[in-house]
Q: 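One structure, as structure tokens, below. Some questions next.
Order of appearance sets the numbers: ligands from 1, and atoms from 1 within every ligand.
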Amino acid sequence: MKRDGNAPRHQTIGLEDKVYIAGHRGLVGSALTRRLTREGFKNLILRTRQELDLADQRAVDAFFRKERPDYVFLAAARVGGILANHTRPAEFIMENLAIAVNVIGAAHRSEVKKLLFLGSSCIYPRHCPQPIKEDYLLTGSLEPTNEPYAVAKIAGIHLCQAYNRQYGTRYICAMPANLYGPGDNFDLETSHVLPALIRRFHEAKTAGAAAVTVWGTGTPRREFLHVDDLADACLFLMREYDDPAIINVGVGEDLSIRELAELVAEVVGYQGRLVFDPSKPDGTPRKLLDVSRLSRLGWRASIPLREGIEQTYRWYLANFAGHAPHSAGSREDTVKG
Ligand code: GDP
């Protein structure tokens, strides 16, 4: 689509626009690519990490100057579960800061019309009231197990807001709940809880193991959003949302890790015992997003948790079960919950 310097301020994303999905191989980026393709978008711009290293500012600038995307979904990030965040804090803060600085800066320099930046529910203070309203950002200290990641994501939000204020750009920021779905990372050391449990229960069932170990006490509560719901919300927000204030994306319900483990065991068909390992960190006690801002705009999640887990288990069976474990913590993946 031709760039028009005098275009109306609130023009919206169209099927002919050039749309760059940063991180299209990751959990969120691949869901967005599926969603936009299904919608009929004709000019998706996609680059693997080998083709474009988002930590390389000159390469990112050159890419934006050449391709001149109209719209950008920034779904690239270094992500991982509670243990990966704990063991590799330097990478989690450095790479996520670099991606935010490089992509948002280049978007501004090449006059991108609108950008959606993905954050995470872990940006909120560890002890904030539940459900978590967007306004609680920066009202208290963060959960230590993912503080470096959270600080990088908060910096990304502030970058977007600063550019909006100073230059009148349209950079919006969505904060999803803990994500799961097809394309997730199933590596037991670096994954998030839901894919880890699918794999543990599947392997225990196959091996006829009497018990499965679940990290922590089982009491922390988490909210799980299917990544296809998130992709739908991202497109909705790109079309409908033009406020610099961050916006939560979730389902509005949570459950304990014990309840989640029981549900995954049921879906997988594992009938042995659950054993909790309190030597592993629990992380933040509860993370339930207040989704009223998004509901008022007219969007709600549609994939029930059980159905989402069943579908993700089928994907795991088709793609991983019996294969070599896949390497984890991809930088093209996104959004740690
Ligand atoms: P968090 O939301 O940032 O804490 O991310 P995680 O998905 O990594 O962990 C969520 C909760 O699940 C924490 O309380 C973990 O201790 C617990 N958990 C239980 N078993 C596992 C597991 O096998 N892997 C992970 N990552 N977490 C687990």
Q: Kindly assign one of parallel, tilted or perpendicular to the pair Tyr171 and Tyr163, based on the angle between their ring planes and the thresholds 30° and 60°.
A: tilted
Q: Taking only heavy atoms of Ala196 into account, list the atoms of ligand 1 that are under 4.0 Å away from them.
A: 22 (C), 23 (O), 24 (N)
Q: Consider ligand 1: state whether an atom of it lies below 4.0 angstrom from any non-hydrogen atom of Lys280.
A: no
Q: Measure centre to centre between the rings of His192 and Tyr180, then say whether the value is under 6.0 Å.
A: no
Q: Between Asn178 and ligand 1, which residue portion shows a heavy-atom distance shorter than 4.0 Å: side chain, backbone, both, or neither?
A: side chain
Q: Under 4.0 Å between a Lys/Arg side-chain N and an Asp/Glu carboxylate O for Arg58 and Asp61?
A: no
Q: Distance under 4.0 Å to a non-hydrogen atom of Arg200: what atoms of ligand 1 satisfy this?
A: 22 (C), 23 (O)
Q: Assess the pair Phe186 and Tyr316: is the distance between their ring centroids shorter than 6.0 Å?
A: yes
Q: Check each atom of ligand 1 against the heavy atoms of Pro220 and keep those under 4.0 Å away; list them by number with element.
A: 14 (O)
Q: Heavy atom under 4.0 Å from ligand 1: found in Ala261's side chain, backbone, both, or neither?
A: neither
Q: Does Val60 offer a backbone N or O that forms a donor-acceptor pair with the side chain of Asn102 under 3.5 Å?
A: no
Q: How does Glu143 reach ligand 1, by side chain, by backbone, by both or by neither, if only non-hydrogen atoms under 4.0 Å count?
A: neither
Q: How about Asp184 and Ser191: does a side-chain donor come under 3.5 Å of a side-chain acceptor?
A: no
Q: Does atom CZ (Arg300) have a neighbourhood of more than 12 heavy atoms from anything else shown, all under 6.0 Å?
A: no
Q: For atom 15 (C) of ligand 1, which of Pro281, Gly81, Pro278 has the closest heavy atom?
A: Pro281
Q: Which residue from Leu179, Val214, Val193 reaches closest to atom 27 (N) of ligand 1 through any of its heavy atoms?
A: Val193
Q: Check whether the ring centres of Tyr20 and Phe64 lie less than 6.0 Å apart, and answer yes or no.
A: yes
Q: Would you mind listing which atoms of ligand 1 come within a distance below 4.0 Å of any non-hydrogen atom of Arg222?
A: 1 (P), 2 (O), 4 (O), 10 (C)
Q: Please work out whether any backbone atom (N, CA, C, O) or any side-chain heavy atom from C-beta onward of Asn146 is under 4.0 Å from ligand 1, and answer side chain, backbone, both or neither.
A: side chain
Q: Check contact between Lys287 and ligand 1, using heavy atoms of the residue and a distance below 4.0 angstrom.
A: yes
Q: Quick one: does Gly216 get an N or O within less than 3.5 Å of an N or O on ligand 1?
A: no
